[in-house]
Amino acid sequence: MKLAIAQFNCVLGDLTGNVAKILRYAEQARMQGAQLLLTPELSLCGYPPEDLLLRDGFCGHARLHCKNLQQIFPVFPWWWDIP
């Protein structure tokens, strides 16, 4: 199995921007023949989420972005560490 590792700075709370970064790295990994892509801890919501977790709807939005990523880019198995 070929593995790709994406190391990038996640922006705290920027779900849309972080998804775009993940998609760019996923496409690069796919083009290089990777079957699995690893991203930084809490790469979708940024680290540390702290008070964001208390905002109404934030966790639901994070899960929705995860589902969207899986549909947009089904090549990799996705495993998330989301709040």
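The first residue in the sequence is number 1, and the count goes up from there.
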What donor-acceptor contacts under 3.5 angstrom involve side-chain atoms of residues 45-54, with partners at least two apart or in another chain?
none

(request) Look up atom OG1 in T39 and atom OH in Y25, then write down how far apart they are to the nearest 0.5 Å. (result) 11.0 Å

(request) Could you tell me the separation between the CD1 atom of I72 and the NE2 atom of H65, rounded to the nearest 0.5 Å? (result) 9.5 Å

(request) Check whether F73 and M31 end up in the same hydrophobic cluster, where Ile, Leu, Val, Met, Phe, Trp and Tyr are linked by side-chain heavy atoms less than 4.5 Å apart. (result) no

(message) By the salt bridge (Lys or Arg N to Asp or Glu O under 4.0 Å) test, which pairs, at least two apart or in different chains, include something from residues 22-36?
(response) E27-R30

Tabulate below the donor-acceptor pairs under 3.5 Å that side-chain atoms of residues 2-22 make, not counting sequence neighbours, or state none.
from	atom 1	to	atom 2	distance (Å)
K2	NZ	Q32	O	2.5
D14	OD1	G17	N	2.9
N18	OD1	V11	N	3.0
N18	ND2	V11	O	2.8
N18	ND2	D14	O	3.1
N18	ND2	L44	O	2.9
K21	NZ	N9	O	2.6

